[in-house]
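Read the structure below first, then the notes.
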Amino acid sequence: FEKALAEADLVDAKMRAGAAGPLAGAPFLVKDLDAMGGEPLTYGSKLFRDFTARSDEPLIGAARAAGMVAIGKSNTPEFGLISTTEPVLHGPTRNPWDLSLSPGGSSGGAAAAVAAGVTPIAHASDGGGSIRIPAAACGLFGLKPSYGRGLKLSRPSPGNISVGLCVSRSVRDTARFLEISDRARAVAETDAAAPGPIGYVSEPLDRPLRIALAPDPINGGAPEPSVAAALQEAAALCADLGHHVEEAAPKIDGPAATEHFLALWASVAANLKRSYLVVRAYACGLKPWKWPRYEDAFDPWTRGLAEKFRAAERARPGQIKRSLAFIDGMRADYEAFFQRYDVILSPVLRRESVPLGEQAPSVPFDTLMERVVDNVGYTPIYNALGWPAMSVPLGWSPAGLPIGVQFAAPRFEEARLL
């Protein structure tokens, strides 16, 4: 915090000289999956409890270069691999609206801090819903940008389906943060086919949208009554604003899509033993003969995901190749659907915020997998496609808890959403 105060003094001097941007001086938090030079970087994992990052991740560097001041790191589940924030290393983060509930994940620490008024904005990332889920649970705005819009690789690949941005209390602040991120991305971009910077989106669209209302998750089932009611209220609001809303959804094999996403998700955990345990443990200064046992290094959920992937690969090698091929075919189906519609409107989660402990990493793996998949049937599809989607706090439960709804658009159409 003392470093942040000193940095704020430097930013203040730039502001007085008229050499600072619109978010200069704004305090923010860095999710503990991304590096800030000279500060701890634990990934929510016991293995990295003593690790210090050497330099800023590109997105964090861009925010700081724009004058934003990082005052700390935010809690995350181990490696961001689950939709709640209850790592064994740091313990659970609580939802400010009800301290018995989860704030969602994996950007749960970021969302809880912003919802509680600690900072007006916080860095976040999303590999399967990790910006949109905590935004919905904590009553915030959360935009997941397209692959190639953020400071990540522009093509989805195993272990690289996550993009970074933020959670905030307003569309305005997220639009500014996207402008900062995208400008830095464009400067660093080497792909001539990548889009130019989006700029600051501040004006409304000049035409009504064709909105497809999709209430059901791709893996079957239906939203809880309070979530369904919030979705219908959002649809009615859109219609009152002059948009055309009708119930429709792309026709895809939802259970197969779920399994293929789970394969990509689990492959991240399966690769940890090779990549993180070797490379990162060495970076931490741990000598090979002092490394913890694999069983002790990671949380039970992470180990369970890794074993799930390895067992599937032993039974039938080539799962990643098959999953990417399936997603390519599914992308064509969605592209055809978006010839008829501009935006898809759906819930973010099937349920309201879940109680802490219900999806803790210590819950038996099969039970935990069933609980997670049952609730998270709306968000991962847009990570697999690489398309933008946002959670907007438009609903309330009977108990007075926020409920977010999701809007999604084709790749690089962040301006349409904002």
Side-chain angles (χ1 to χ4, degrees), residues 31-34 41-49 51 75-90 105-108 125-130 133 156-162 219 256-284 286 288 290-324 326-327 358-376 379-380 383-384:
K31 184 177 177 180
D32 205 20
L33 297 184
D34 275 30
L41 176 60
T42 71
Y43 304 96
S45 175
K46 299 186 297 293
L47 181 62
F48 299 100
R49 67 171 73 242
F51 183 44
N75 199 17
T76 180
E78 187 173 51
F79 304 109
L81 290 173
I82 197 168
S83 54
T84 186
T85 303
E86 305 175 51
V88 173
L89 175 62
H90 297 301
S106 62
S107 304
S125 59
D126 192 316
S130 291
I133 290 169
S157 61
N160 185 48
I161 57 175
S162 179
N219 55 344
T258 301
E259 284 303 313
H260 285 294
F261 177 81
L262 286 175
L264 296 181
W265 189 22
S267 73
V268 177
N271 288 331
L272 288 172
K273 187 173 184 179
R274 179 173 67 253
S275 59
Y276 281 99
L277 194 57
V278 176
V279 178
R280 291 296 193 179
Y282 180 77
C284 289
L286 297 175
K290 291 186 178 179
W291 288 352
R293 294 185 309 156
Y294 177 69
E295 292 76 12
D296 297 330
F298 301 115
D299 290 359
W301 171 248
T302 305
R303 299 198 308 268
L305 278 177
E307 181 51 38
K308 175 181 173 64
F309 180 82
R310 285 196 291 266
E313 193 68 13
R314 286 193 298 267
R316 189 185 176 199
Q319 178 61 57
I320 293 300
K321 184 177 181 180
R322 291 193 299 275
S323 294
L324 292 176
F326 179 90
I327 290 167
E358 184 177 298
Q359 295 181 10
S362 56
V363 172
F365 180 78
D366 290 342
T367 300
L368 183 51
M369 175 63 75
E370 182 178 344
R371 290 175 179 177
V372 171
V373 171
D374 175 67
N375 199 26
V376 185
T379 56
N383 296 88

Taking every non-hydrogen atom, the tightest pair across Ile133 and Gly128: CD1-O, 4.5 Å
Working for side-chain contact (heavy atoms from CB on, under 4.5 Å), residues Glu78 and Phe298: CA-CA 8 Å; Glu78 187 173 51; Phe298 301 115; 3.5 Å; yes
Point-to-point distance, once rounded to the nearest 0.5 Å, from CG of Leu47 to OG1 of Thr42: 10.5 Å
Side chain to side chain, Leu305 and Met369, heavy atoms closer than 4.5 Å: yes
Worked verdict on Leu89 versus Phe48 for side-chain contact (heavy atoms from CB on, under 4.5 Å): CA-CA 9 Å; Leu89 175 62; Phe48 299 100; over 6 Å; no
Pair Arg371-Asp374, side-chain contact (heavy atoms from CB on, under 4.5 Å): steps then yes or no: CA-CA 5 Å; Arg371 290 175 179 177; Asp374 175 67; 5.8 Å; no
Where Gly127 and Asn383 come nearest, the two heavy atoms and their spacing: C-ND2, 3.1 Å
Rounded distance [0.5 Å steps], CZ in Arg322 versus CD1 in Ile327: 13.0 Å
Partner set under ring pair (Phe, Tyr, Trp, His ring centres under 6.0 Å) for His90, not counting sequence neighbours: none
Shortest non-hydrogen separation from Phe365 to Gly304 and the atoms involved: CE1-C, 3.3 Å
Atom pair CD (Glu307) and CZ (Arg314), whose distance is rounded to the nearest 0.5 Å: 5.0 Å
Polar side-chain atom of Lys31 near backbone of Ser125 as donor-acceptor pair, under 3.5 Å: yes
Shortest non-hydrogen contact between Phe326 and Ala257, atoms and distance: CE2-CA, 3.5 Å
Distance in Å, Leu262 CG paired with Ser323 OG, rounded so as to fall on 0.5 Å steps: 9.5 Å
Considering all heavy atoms, the nearest Phe309-Ala263 contact: CD1-O, 3.5 Å
Nearest-0.5 Å distance, CG of residue Asp32 to OG of residue Ser106: 11.0 Å
Pair Val88-Lys46, side-chain contact (heavy atoms from CB on, under 4.5 Å): steps then yes or no: CA-CA 8 Å; Val88 173; Lys46 299 186 297 293; 4.2 Å; yes
Contact check, side chains of Asn219 and Phe261, non-hydrogen atoms, under 4.5 Å: no
Parallel, tilted or perpendicular: ring planes of Phe51 versus Tyr43, cut at 30 and 60 degrees: parallel
Close side-chain approach of Pro361 to Thr302, heavy-atom, < 4.5 Å: no
Please report, to 0.1 Å, the donor-acceptor pairs under 3.5 Å made by any side chain of residues 79-86, with sequence neighbours excluded.
| unit_1 | atom_1 | unit_2 | atom_2 | d |
| --- | --- | --- | --- | --- |
| Ser83 | OG | Gln359 | OE1 | 3.2 |
| Thr84 | OG1 | Glu86 | OE2 | 2.7 |
| Thr84 | OG1 | Ser102 | OG | 2.7 |
| Thr85 | OG1 | Gly104 | O | 2.8 |
| Thr85 | OG1 | Gly108 | N | 3.2 |
| Glu86 | OE1 | Gly357 | N | 3.0 |

Nearest atoms (heavy-atom pairs only) where Ser267 meets Leu264: OG-O, 2.6 Å
